[in-house]
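Following: one structure in structure tokens, then a few remarks.
Reminder, nothing fancy here: chain letters follow the sequence lines and each chain counts from 1.
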There are 2 protein chains.
Amino acid sequence: MRADARRNRERILDAALAVFAARGPSAAMEDVAREAGLGVGTLYRHFPDRRALVEEIAARSLQDLRDELRDLRAGGGPCWDVLSRTVAFCVGQPFALIKSLAEANAAPAGRLALQDEVDDLLMQIAEQAQREGAVRRDIEPREVVDLLSTVVCRPGARTDDALTKVVLDGLRAPVPAPVPEPS
Amino acid sequence: MRADARRNRERILDAALAVFAARGPSAAMEDVAREAGLGVGTLYRHFPDRRALVEEIAARSLQDLRDELRDLRAGGGPCWDVLSRTVAFCVGQPFALIKSLAEANAAPAGRLALQDEVDDLLMQIAEQAQREGAVRRDIEPREVVDLLSTVVCRPGARTDDALTKVVLDGLRAPVPAPVPEPS
DNA sequence: ATGAATCGGATATTCCGGTTCCGTTACGGA
DNA sequence: TCCGTAACGGAACCGGAATATCCGATTCAT
């Protein structure tokens, strides 16, 4: 494979990640090409069709995520920190993409396995945080995961934005502060 | 106007609300017609084009919302209750629709005015809740509104689901509970 | 320098939903 | 009951948007 071809393949992948993350997995191929500074022809040389491109990106992202979650769990530390670092890592990842892919039609078996693996890891992290009292126990672990995924998949989510902060605080508070009387 | 025609007009509006809320404002007209148990022809008899239909729904929903918010504010009561009742009312309203409409192209002046009015009311409710100490003050009123609108616009949002609960608790907690040590 | 690999982007093609049209149905006043 | 007319249904038509192709132009590597 020629050097420029390899370079362009990477560029396409980067551009597609950005564009799909920003505009959803059905963004126009031409937009991806423009973002990469290439022609559509080049794009189709490297990936036979849109599905192939999306699939490659999804697989990469899931692998990154799986590896990161494994490390976080293996690293130990206070389970609350594991949870908030998980959130920090996930925010900004193109999950909305992966999620909408999951809903869409047939994914190859390899990716499904990855998705299950990631889901398991998240559930384990949530369960442990609850077991150790860092997260309130009046909601299901499944709900904790779903809720965090909602927070994290928002377009434009940031680690330090209001919703992220408020949700993390709400999760951590086993007994909410009493409602003060109007002053 | 014949009786069956009036009835069908209502059916279309109901169906469109349901379908647009579920699948976004670009759902197929044919789906709307099917949901209403009518043919597309009938649909076009009542509304000249999709825009007219969407516009009618948006205007109705916004009016309902504006009226409800006015009542809530006028009713007085502890401001926390006003806030949580606001959320309760808003959950399940087809806001995702209105919001995506707002982003989309040209709305008639009348609707824009309504949107501003609703936004003002929400801001007032948020500000008062903060002023009276029911909601933490370390985030901007604007952020409170945005955050609640995120919660409330989710597809499938419910008053008693995990995210709603957690966010309300997180908003109410001026000082989050300390992180417990692992047990 | 040469030719094989790669690129670019105009264009044919496909897809999908909006809108129209007109034959059929059924309401409601006489 | 009967008729005129408003209203309905949905097949067919239309247009735009996005996909994928194709081939002349360009660039790399020997």
Side-chain angles (χ1 to χ4, degrees), chain A residues 1-58 94 96-97 100-101 103-108, chain B residues 1-59 94 96-97 100-101 103-108 155:
Chain A
M1 199 175 190
R2 241 165 62 176
D4 56 339
R6 191 186 313 279
R7 202 167 45 240
N8 283 335
R9 190 185 155 87
E10 283 310 310
R11 274 190 197 159
I12 289 169
L13 249 9
D14 289 349
L17 189 60
V19 171
F20 287 151
R23 302 214 271 276
S26 56
M29 295 298 259
E30 199 185 325
D31 289 353
V32 173
R34 188 166 337 106
E35 171 78 18
L38 299 168
V40 269
T42 307
L43 196 154
Y44 278 93
R45 160 168 304 273
H46 288 284
F47 302 93
D49 56 21
R50 109 182 272 105
R51 167 172 302 277
L53 176 57
V54 168
E55 200 47 63
E56 172 87 23
I57 291 172
L97 172 61
S100 63
L101 243 40
E103 294 158 6
N105 34 25
Chain B
M1 199 175 193
R2 240 164 63 177
D4 56 341
R6 191 187 313 280
R7 201 167 45 239
N8 283 337
R9 191 186 154 85
E10 282 310 310
R11 275 189 196 160
I12 290 169
L13 249 9
D14 288 349
L17 189 61
V19 170
F20 286 152
R23 303 216 269 277
S26 55
M29 295 297 259
E30 199 186 325
D31 289 353
V32 174
R34 187 165 339 106
E35 172 77 18
L38 299 167
V40 269
T42 307
L43 195 154
Y44 277 92
R45 161 167 303 273
H46 289 283
F47 303 91
D49 56 20
R50 109 181 273 105
R51 166 171 304 276
L53 177 57
V54 167
E55 201 46 63
E56 172 87 23
I57 290 172
L97 173 60
S100 64
L101 244 37
E103 294 158 6
N105 34 26

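- Note: Leu38(B) CG to Arg11(B) CZ = 6.5 Å, rounded to the nearest 0.5 Å.
- Between the side chain of Asp4(B) and the main chain of Arg7(B), no donor-acceptor pair closer than 3.5 Å is present.
- Between His46(B) and dA7(D) there is no side-chain N or O to OP1 or OP2 distance below 4.0 Å.
- Enclosure of atom CD in Glu30(B) is not indicated, since only 12 or fewer non-hydrogen atoms of other residues, nucleotides or ligands lie within 6.0 angstrom.
- Side-chain nitrogen and oxygen atoms of Thr42(B) include none within less than 4.0 Å of the OP1 or OP2 phosphate oxygen of dA7(D).
- Taking atom CZ of Arg50(B) as the reference point, atom P of dT19(C) lies 7 Å away to the nearest angstrom.
- Both Asp4(B) and Ala27(B) sit near DNA chain C, but only Ala27(B) has its closest nucleotide nearer the 5' end.
- At the heavy-atom level, Ala33(A) lies nowhere under 4.0 Å from the strands shown.
- Atom CG in Leu53(A) sits roughly 13 Å away from atom C1' in dT19(D) (whole-Å rounding).
- Each of Leu53(B), Leu17(B), Ile57(B) was checked for a side-chain contact (heavy atoms from CB on, under 4.5 Å) with Ile12(B), and the lone residue meeting it is Leu53(B).
- With the nearest nucleotide of DNA chain C identified for both Val40(A) and Ala28(B), Val40(A) has the one nearer the 5' end.
- Contact check, Asn8(B) against dA7(D): no side-chain N or O comes under 4.0 Å of OP1 or OP2.
- Side-chain contact between Glu55(B) and Phe47(B) is absent, with no heavy atoms from C-beta onward closer than 4.5 Å.
- As rounded to whole Å, 12 Å separates atom P of dT19(D) from atom CZ of Arg34(A).
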With 3.5 Å as the limit, what N/O pairs link the protein to nucleotides 3-5 of chain C?
from	atom 1	to	atom 2	distance (Å)
dA5(C)	N3	Arg2(A)	NH1	3.0

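- A distance of 11.5 Å separates CG of Leu13(A) from CG of Asn8(A), quoted to the nearest 0.5 Å.
- Straight-line distance from the CG atom of Asp31(A) to the C1' atom of dG9(C): 15 Å, rounded to whole Å.
- Summarising the geometry, the separation between CZ on Arg6(A) and C1' on dC7(C) is reported as 17 Å, rounded to the nearest angstrom.
- Distance CG (Asp49(A)) to P (dC15(C)): 13 Å, rounded to an integer number of Å.
- Remark: P of dT6(C) and CZ of Arg11(A) are 15 Å apart, rounded to the nearest angstrom.
- Distance Glu30(B) CD to dG9(D) C1': 12 Å, rounded to the nearest Å.
- Distance check: Glu10(A) CD to His46(A) NE2 gives 10.0 Å after rounding to the nearest 0.5 Å.
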